[in-house]
Amino acid sequence: MIPFNRPCVVGGEEELIKEAVVNAKLSGNGPFDKKCTAWLEDRLDCTRAFMTPSCTAALEMAAILTEAGPGDEVIMPSYTFVSTANAFALRGAEIRFVDIEEKTLNISPKQIEQAITPRTKVIVVVHYAGVSCEMDEIMRIAEEHGLWVIEDAAQALTSTYKGKPLGTIGHLGTFSFHETKNYTCGEGGTLIVNHQPLIERAEMVQEKGTNRAQFSRGMVDKYTWRDLGSSYLLSELNSAYLFQQFKNIDQINKDRMERWNQYRDDLQEVTAIPEIEGPFIPEQIEHNAHMFYLKCRDEQERADLIGYLKENDVMAVPHYVPLHSSHAGEQFGTFIGKDNFTTRESERIVRLPLYYGITEEDVRHVVKYVQIFYQA
Ligand SMILES: *Cc1c(COP(=O)(O)O)cnc(C)c1O
């Protein structure tokens with residue numbers, strides 16, 4: 001069976017974990033945490049990175065930092081992972097789901113604009129499949145209305161928009177290192193703080209709401225409870241594993257990109273069939289080969305394709321069920337505007353196996369059975 005995903009192992013992770021054990025410092029903000037944040041700040045040329053236990057945790061920190069709460073509205077796509085919405089529902093804010101663009105499956109700037117009310121406080125964008133949203137337009141809208149912009153860049157580390165790294169354009173950005181993402185440590189994440197005035201509070205929110213970071217730097221002689229917060233630190237064991245992946249990130253990217261391009265090139269006859277589509281990469285955007293998907297004609301055809309691939313040892317999978325139609329989504333949010341694409345596109349998308357180390361031969365196998373299914 002060709003799995004849909006395999007967690008990335010580049011080699012050498014064990015040595016760094018051993019080093020972390022020898023360092024005898026396993027809690028957060030240790031030597032490997034510092035190496036990871038320094039690497040991110042350098043690579044992304046950003047103000048400040050905080051290693052977190054997950055992207056979910058980073059989104060929760062972002063929600064606390066924007067002070068979104070009861071009576072405030074937060075605009076986001078319905079076509080996203082639950083954590084994007086959960087972080088704000090936990091704060092008591094109201095979620096305003098809006099439609100996506102047909103081609104990229106990213107939030108529609110036009111729909112954002114139409115959903116803004118005097119109570120709107122935050123826009124959360126999701127760079128789906130590591131492909132950038134229309135950030136110039138979104139930042140313009142946010143500035144005009146005085147709104148926070150958070151980039152849920154969970155899938156988008158190393159992707160860029162007009163040469164600028166994703167996660168560094170909004171006021172705050174978040175990354176995930178879950179095992180399903182390009183670069184991983186099992187569970188892990190990062191909060192990027194691009195807006196300087198939020199840095200001091202972010203340090204406290206990450207450290208259970210205390211000023212422990214200032215204490216560590218010798219700035220205060222004891223640390224106390226100062227703000228809302230939680231335990232938003234990444235263990236050194238995870239940071240050690242992750243740092244090895246950061247050091248080899250270009251190798252990981254090259255490998256994924258080669259297989260992604262192979263899918264794109266070899267499935268051209270299939271994506272030429274009317275109503276069948278592959279990923280769309282807009283101009284001036286570099287993606288990170290996070291995901292290769294096809295859009296089938298409808299939900300039934302997708303089920304048939306997934307079944308046929310399974311019979312031929314290939315695991316292909318759908319993706320998000322739109323949040324506005326989920327049980328909790330109905331309770332905590334409302335869809336604003338018309339659902340032209342969210343439900344329809346979510347019903348026909350199928351993701352093909354793609355992970356670091358998948359062989360050219362395995363991709364050829366997947367392609368072959370997709371072609372046979374479509375008689376292409
Ligand atoms: C994976 C993902 C998350 C959650 O990441 P975790 O690190 O598992 O918490 C959030 N948002 C998006 C868009 C994701 O793809």
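Numbering of ligands and ligand atoms starts at 1, following listing order. This one's a predicted model, so the numbers in the text were calculated from it and none came from an experiment. Throughout, numbering of the chain's residues begins at 1 and tracks the sequence. Scope of the values below: all heavy atoms of this structure, side chains included, with no hydrogens, waters or symmetry mates.
- With respect to D250 and R43, a salt bridge is recorded, a charged nitrogen being found less than 4.0 Å from a carboxylate O.
- For the pair D152 and ligand 1, the shortest N or O to N or O distance falls below 3.5 Å.
- In terms of protein heavy atoms, atom 12 (C) of ligand 1 is closest to A154 CB, 3.3 Å.
- Heavy-atom contacts of S54 reach the following atoms of ligand 1: 7 (O), 9 (O) (cutoff under 4.0 Å).
- Taking only nitrogen or oxygen atoms, main chain and side chain alike, T56 reaches within less than 3.5 Å of ligand 1.
- Aromatic rings from H319 and Y128 are positioned such that their centres are separated by under 6.0 Å.
- Not a single heavy atom of F175 sits under 4.0 Å from any atom of ligand 1.
- Residue contact check: V126 has heavy atoms under 4.0 Å from atoms 13 (C) of ligand 1.
- One side chain, D304 or Q300, offers a donor N or O that lies under 3.5 Å from an acceptor on the other.
- Heavy-atom distances between A58 and ligand 1 stay at or above 4.0 Å for every pair.
- Regarding atom 1 (C) of ligand 1, its nearest protein heavy-atom neighbour is K181 NZ, 1.7 Å.
- Ring centers of H290 and W260: at least 6.0 Å apart, outside the cut-off.
- Checked against a 3.5 angstrom limit, the closest N/O atoms of H178 and ligand 1 fall outside it.
- A cation-pi arrangement is found for R48 relative to F50, the charged atom lying closer than 6.0 Å to the ring centre and inside a 45° cone about the ring normal.
- Taking any N or O of Q155, backbone or side chain, at least one lies under 3.5 Å from an N or O belonging to ligand 1.
- In this structure, the ring of F97 has its center no less than 6.0 angstrom from the ring center of F335.
- Shortest contact from atom 7 (O) of ligand 1 to any protein heavy atom: S176 OG, 2.7 Å.
- Under the 4.5 Å side-chain heavy-atom criterion for grouping Ile, Leu, Val, Met, Phe, Trp and Tyr, L234 is not connected to I17 through any hydrophobic cluster.
- With salt bridges taken as basic N to acidic carboxylate O contacts below 4.0 Å, one links R348 and E277.
- Close approach of ligand 1 to G188 is summarised as follows: ligand atoms under 4.0 Å from at least one heavy atom of the residue are 7 (O).
- Taking the six-membered ring where tryptophan is involved, the planes of F246 and F177 are perpendicular, since the angle between them exceeds 60° and thus also 30°.
- Regarding atom 3 (C) of ligand 1, its nearest protein heavy-atom neighbour is F81 CD2, 3.5 Å.
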